[in-house]
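Take a look at the structure below.
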Number of protein chains: 2
Amino acid sequence: MEPPAQHRRVTIVDVARHAQVSTTTVSKVLRNAYGTSPQMRAKVRQAIADLGYRPYAAARGMRGQTYTIGVMLPDIRNPFFPEIVDGLTDILWETDYQVLMAPGRNGEKAEARVTEAMIDRGMDGVVLVAPISSRTHLEHVAGIVPTVVVGRHGHSAVYDTVSDDDLTGAALVVDHLADLGHRRIAHIEHSETDPRRIAEMPNAIRAEGYRQAMRARGLEDEIDIVSTTYTQQGGYLGAQQLLARPDRPTAIFAGADIVATGVLQAVSEAGLAVPDDISIAGYDNTSFAALGPISLTSVDQAGRHIGANAAKLLLERIADRTRPTAQVKLSPTLVARRTTAPPPPA
Amino acid sequence: MEPPAQHRRVTIVDVARHAQVSTTTVSKVLRNAYGTSPQMRAKVRQAIADLGYRPYAAARGMRGQTYTIGVMLPDIRNPFFPEIVDGLTDILWETDYQVLMAPGRNGEKAEARVTEAMIDRGMDGVVLVAPISSRTHLEHVAGIVPTVVVGRHGHSAVYDTVSDDDLTGAALVVDHLADLGHRRIAHIEHSETDPRRIAEMPNAIRAEGYRQAMRARGLEDEIDIVSTTYTQQGGYLGAQQLLARPDRPTAIFAGADIVATGVLQAVSEAGLAVPDDISIAGYDNTSFAALGPISLTSVDQAGRHIGANAAKLLLERIADRTRPTAQVKLSPTLVARRTTAPPPPA
DNA sequence: CTGAAAGCGCTAACAG
DNA sequence: CTGTTAGCGCTTTCAG
C-alpha cells in the first residue's frame, strides 16, 4: 500500500496489474482491437479510469501509431489558413488523432525541416497546405507517411490532393470587373519562376486564369501582372508599382485577401478612393473581407470544406495505404462587395 | 553489398556499424555529449552524412528528450498570436528544437486535451499562450513538463510567466481618450466570471485597468463595460449593444484589435463615422491596425519580444528544472492613429 | 479469447 | 575515451 513514486507515469503494466489481466489485453482494449470479451473490456476500462491512465504516445509510436497528424501551414498570418484548420479539426476532433501544426514559412528549407520533423516524430499522417517544395520532395514525404497536399494542383500517384479551381476563380474576378466596364485590370501575383511548379501552384494558376480570362474578353493587350508575394507587404509594394504606371489600372485583382490589404493601404496613401477611383478584388473571402469598412470583393474557396475533405482523405489513406489517390477539386464562387464598381469616366 | 530494404529507416545501429564504433558513441556525438574524441566525432559525422541518418525522435523520447516544444494558442484567428510565435521561432530556430502548435480554442476542455496530448507525446517543454485553464491545471502541467505561461499574470512557483502590463496598457488608452476630451468611454471585455481567474487573465486586467483609469480621471460615473469575447463577432455584438444606449458612448475601447474589427463593422453599419462620430481604440497593435484604411489606435505589447522571452525562459528551465521561476513583465506603448479624435460637439 | 515474450530505436549506467 | 548491456512503454507475433 505504498503510494506510487512521485513522478512515475501510470503505465500499461500498472493497468494490467490493477485489472488482473495481461498487458496484451489492455493494449487491445486501448486500440479497440479484435479479440477481447466484453467482460475483459469492462474490467480494463474500469482500471484505466481508476488509475487515470493515458497511453504514452511516444512509446506507442515505436511499434504502432502515434495518433498524431501534422499540418504544415505556409504562413500563419494569412487569415485564410485558419479556415482550413477548422475544417480539419471538425473531422479529426471526433477521432483519437491530435492535430499539431508547424509553419513552413514559405521556404523550401523550412518546409523540408518541418516535414522531416514530422516524419521523425512518427506522425501517422500529414497535411501539407500550399507547399512550395518540389514535387520530388512531396512524393518522398508521401512515400514515408500518408500525405494529403492542399491547394496545389497536379496529379500524384502517392498523395491525395484537395484544391480549389483557381483557373475558374480568377476568371470570375476578371469577368466581374470586365462586366462592370473595366479594361485596365491588373493582377498582383505571388512570384513563381520555377517551371516545374508553375503548373501546380495555386498562385501561378490564378495568374494563368487571369491571363486566359483577359484574352477571352479581348483584353490581351491590357494584361498587366506584377510579381510579389502573397503577403500584406507584397500587396503594398505591388500596388505602388501599379499606381506609378503612366496609364494606371482602373482595377486591381489581388491574388489573395492578404495581398488586398496591402493594396488598400497603398491606394489609400496615394489619396485614391475605392471604388470610385479604382476597384480592388481579392481571393479567399476571409472574414477580413466581409468586414464593414473594408467590404472587399473576393473569391470564396470554402476553406472549411477544403480542410474537411483533406481530413477525410487522410483518414482513408491511413486506413488503406494502397487505395488509389484521389484529387478533390472544389468550385469557387464570387462574393461581390463594395470595393468594386464601374471605372471612373475617362 | 546489397541495397537496404526499401522502407527500413536508417538507425543508430547502421551508423555505428558504418563508422565502426559503438552506438553509444554515435548517441554521444548526436547529443554533443561530453567524452568523445575529435576523430570519433569526425568518423561518426561522416557516417551520418553517408547514410542520411536522422534520429527517430519518438524513440529518443523514450529515454531522453524528444526535441519538441509545444505551443498552445488560444485562437489561431487572432492576428496577435503570430507575433508571439515569430518571437519564439526566432530563438528556437537556432536550436535542435522543433516547435509544434495546437489550438486551445478558448475552452477548458480543449486546453486540457491539448496539454495532455503534449505531455503524452513527451514534449520537452510547452508554452501556453493566454490559457484559460485553472491555475491548478497549469501547475499540474508544469509539474510534469517545463512550462512557460504567456499573457497571464500571477506568480507561480512551478512555471515561468511572460506578460504585458495590461493595467498600464488599458490606462494608456483611457488617458489618451480622456485627453482628447472624451468622457463617455465604454469598454468591451472578454467575459470572465471565474473569481479565481479574474486576478490573472489579461482580459480581466485590462477591464480593471480601464476602471481604475476612469476613476483616476474622475469618470467613475461613466464606466460602461460590455462583456463578450475577444473575437470579431464579440466586438460586433458588443458594439451593437453600446450603440443602442440612449446616451451612446463617444469612444469605445476594444480589449483587442480583433474585437475592434467587429466594432468598426457595427459602427459602419449604424451609419456612424470614425472618428468624427465615435472614436475606437484597440489593443495588440497587430499589422491589421496599421493598415491605411483602418489606421486603428492601439496598444503595442511587442508580441515578438514576448515570444522571444518565453523561448529563452523555456530553454533555461529545460536546462535547469530547479531554478527559481521568473516573471517577465513587458511595458506596452500607445500607438495613436486615425480612429481616435476629439468627441463630436455636444 | 488470453497471455508470455520479443523488440521498436534510442539513451543511461556501468565497466573496461 | 569507448563499448556492453539493460531498459523506456508499448504493440506484436506466437503459443496456449
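Because the structure is a prediction, the values reported are computed rather than measured.
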Quiz item: Looking at residues at least two apart in the chain, or sitting in another chain, which of them share a side chain to side chain donor-acceptor pair (under 3.5 Å) with Ser133(A)?
Solution: Glu111(A)

Self-check item: Residues which pass salt bridge (charged side-chain N to carboxylate O under 4.0 Å, His left out) with Arg45(A), listed by chain and number, not counting sequence neighbours
Solution: none

Exercise. Just jot down the salt bridge (charged side-chain N to carboxylate O under 4.0 Å, His left out) partners of Asp75(A), sequence neighbours excluded, or say none.
Key: none

Quiz item: Between which nucleotides of DNA chain C, 5' to 3', does chain B make heavy-atom contacts below 4.0 Å?
Solution: dG9(C) to dA13(C)

Self-check item: Selection residues 140-149 of chain B - residue pairs positive for salt bridge (Lys or Arg N to Asp or Glu O under 4.0 Å), sequence neighbours left out
Solution: none

Side-chain donor-acceptor distances from residues 153-160 of chain B under 3.5 Å, at least two apart:
from      : atom 1 : to        : atom 2 : distance (Å)
His153(B) : NE2    : Asp164(B) : O      : 3.2
His153(B) : NE2    : Asp166(B) : OD2    : 2.6
His155(B) : ND1    : Gln327(B) : OE1    : 3.4
Ser156(B) : OG     : Glu139(B) : OE2    : 2.7
Ser156(B) : OG     : Val158(B) : N      : 3.0
Ser156(B) : OG     : Tyr159(B) : N      : 3.3
Asp160(B) : OD1    : Arg317(B) : NH2    : 3.4
Asp160(B) : OD1    : Arg323(B) : NH1    : 3.0
Asp160(B) : OD1    : Ala326(B) : N      : 2.7
Asp160(B) : OD2    : Arg317(B) : NE     : 2.8
Asp160(B) : OD2    : Arg323(B) : NH2    : 3.3

Practice problem: Not counting sequence neighbours, which residues clear salt bridge (charged side-chain N to carboxylate O under 4.0 Å, His left out) with Glu200(B)? List them please. | Solution: Arg135(B), Arg152(B)

Quiz prompt | Side-chain (Thr147(B)) to main-chain (Val145(B)) donor-acceptor, under 3.5 angstrom | solution = yes

Quiz item: Per the end-axis method with five pairs at each terminus, what is the bend angle of the helix from dC1(C)-dG16(D) to dG16(C)-dC1(D), to 10°?
Solution: 30°

Exercise. If a pair satisfies salt bridge (Lys or Arg N to Asp or Glu O under 4.0 Å) and one of its residues is in residues 28-39 of chain A, list it, with sequence neighbours excluded.
Key: none

Self-check item: Sequence-distant partners of Asp96(A), salt bridge (charged side-chain N to carboxylate O under 4.0 Å, His left out), two or more places apart
Solution: none

Exercise. Spell out protein contact along nucleotides 7-16 of chain D as letters: B when the base is contacted, S when just the sugar-phosphate is, - when no protein heavy atom is under 4.0 Å; keep the 5' to 3' order.
Key: BBBBBB----

Practice problem: Could you note down all residue pairs passing salt bridge (Lys or Arg N to Asp or Glu O under 4.0 Å) where residues 112-130 of chain B supplies at least one of them, sequence neighbours left out? | Solution: Arg9(A)-Asp120(B), Arg54(A)-Glu116(B), Arg54(A)-Asp120(B)

